[in-house]
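All remarks here apply to the structure that follows.
The sequence lines fix the lettering, A, B, ..., with proteins before strands; numbering per chain opens at 1.
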Amino acid sequence: MSRTFERGSQIFEDERPLTDDWDPEELPERDGELGHIHNALAPAIRDTGVGPHNMFLFGKTGQGKTAGIEYKLEDLEKAADDAGLDITSINYNCAGDSSSYHVLINLVERLTGDNLNGHPMSKITNEFFEAVSDIGGTVIVVLDEIDNIGTSDEILYSIPRAKSNGNIPDSMHLSVIGISNNFKFRDNLSPKVKDTLFDEEIHFAPYNATQLRSILERRADQAFKDGVLDEDVIPLCAANAAQDKGSARQALRYLYKAGELASNTGNEMVTEDHVRRARERIDRKNIEKGIREMTLQDQMSLTAVVALEVEGSTPAKTTELYARYKDIAREINADIRTQRSLRDHLLELDLMGVVDATKKQTGNRGGPHYVFEMASDLGMTLDILSEDSRLGDAVELVTTNRSIEEYLD
DNA sequence: GATCCACTGGAAGATAAGGAAT
DNA sequence: ATTCCTTATCTTCCAGTGGATC
């Protein structure tokens, strides 16, 4: 069977609004947060001696943090033009930089064209402030995904203090806006950075199903041809994403994939069934990626949860999981860690969203303890784990145990 | 209501691996 | 090649928690 490539689509009018790098024209679902940002930026336009406040935006991925700040900065620059004020924003994404040093080098390269890699930190810092001084007026540095710099947070300290340290002229303003989806990063920052940086902390809470629905509707309007979406398609995508992470990005992926499935198979309508299949594929990809990137210890911990889940004995306590974990580690000849360590791994898996950890205060012996169970799809997880070259044997053992038990029943 | 117990959470120190400096 | 530094990951240890038990 041979297919010819065809121009145009029965389904899509314009696919761009469904992709990650689309800049939305409005964000009504984020009115509250945008209001906060507005207030924090407002001093720049008032021009009464103070620059815009430093800000820290945090919230999980796909909550409109980046889109929100870009949206307000655009507003601000327009207002500055009208008012004849000199305001410049520098947008920088720290993904791929592992320290303040890297970030500064790349910022300097972007501003001056010189790559100063290898030079001492102090020279690079000076070079950066000189470049900023050349721009003059009000300069706002936006550092997206700032958590990548880990604990080397000098840059977050030096930018807010630039004026009082005499690095830039008194006549100008320099502020920094940090964006992060990692809550731990915020807690681990050094106290002096917290002092200087957090004039404003703005939290982006996950979208609920209704909000996701209106976001999807707006994008779908532009992306799809009229009337090709079954009426349940958008609510289903929204509900699925809301239940999981509350991420707009995720909801859009479901919708886009569903559209592609319909388009590729020559259907004229996108149906609920397409959404279901799109979701299965995307979720499986996500779980696969997550598991592949785990350390062996994480994978074995997960296998232990899977094993007990298969037997129907979840939610299970740490001790029960530890016994199973030891069996698994022995089976594949891996190092056996302590129970304390396993607990940390299990809690780590909880953060990733693969398993669910619940803290209980009751129990036949009292005192606090955790119970763990699977959060992601058991069948898919089992499938993916058993494909692993090393863990496969252990997984087989787990499933064989089940068949023996079923036999005994 | 004192004591017990299974578990937690945090700290301190050990160990290994990777990178930079010498 | 060797030494030093940093970072990540574990282990060991132990006080703290709070319902169960006597």
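Proximity of A:T318 to the phosphate of B:dT8: a side-chain N or O atom is located under 4.0 Å from OP1 or OP2. Under 4.0 angstrom from either OP1 or OP2 of C:dC10 there lies no side-chain N or O belonging to A:T338. A sub-4.0 Å separation between OP1 or OP2 of B:dC7 and a side-chain N or O of A:Y322 is absent. Side-chain nitrogen and oxygen atoms of A:R343 include at least one within less than 4.0 Å of the OP1 or OP2 phosphate oxygen of B:dT8. Within the structure, a side-chain polar atom (N or O) of A:T319 is placed less than 4.0 Å from OP1 or OP2 of B:dC7. Put simply, A:R340 has no side-chain N or O that comes within less than 4.0 Å of OP1 or OP2 on C:dT11. Checking the phosphate oxygens (OP1, OP2) of B:dC7, a side-chain nitrogen or oxygen of A:K317 falls inside 4.0 Å. Taking 4.0 angstrom as the limit, A:K359 places none of its side-chain polar atoms (N or O) nearer than this to OP1 or OP2 of B:dC7.
Rounded to an integer number of Å, the gap from A:M300 CE to C:dT9 P is 14 Å. Whole-Å rounding puts the A:L296 CG to C:dT9 P distance at 14 Å. A:Q339 places its CD atom 17 Å from the P atom of C:dC14, with the value rounded to the nearest Å. Summarising the geometry, the separation between NE2 on A:H369 and C1' on C:dA20 is reported as 13 Å, rounded to the nearest angstrom. Between the P atom of B:dA6 and the OH atom of A:Y370 lies a distance of 20 Å, rounded to the nearest Å. The interatomic distance linking A:K360 (NZ) with C:dT17 (C1') rounds to 17 Å, in whole Å. Atom CG of A:L342 is separated from atom C1' of B:dC7 by 13 Å (rounded to the nearest Å). Here the C1' atom of nucleotide C:dT9 and the CG atom of A:D344 are 10 Å apart, to the nearest Å.
A salt bridge does not link A:E280 to A:R284: none of the charged nitrogens lies less than 4.0 Å from a carboxylate oxygen. Using a 4.0 Å cut-off between charged nitrogen and carboxylate oxygen, A:R253 and A:D20 count as a salt-bridge pair. Of the charged side-chain nitrogens involved, at least one lies within less than 4.0 Å of a carboxylate oxygen, so that A:D273 and A:R277 count as a salt-bridged pair.
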- Dump the intermediate steps for ring-ring contact (aromatic ring centres under 6.0 Å, His included) on A:F58 and A:F204, then the final yes or no. CA-CA 6 Å; A:F58 57 100; A:F204 282 62; 9.0 Å; no
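In this structure, A:I336 reaches the sugar-phosphate backbone alone: every heavy-atom distance under 4.0 Å involves primed, P, OP1 or OP2 atoms, never a base.
Between A:F128 and A:T112, every side-chain heavy-atom pair lies at or beyond the 4.5 Å cut-off.
Which of C:dT17, B:dG10, C:dC10 sits closest to the side chain of A:P368 comes down to C:dT17.
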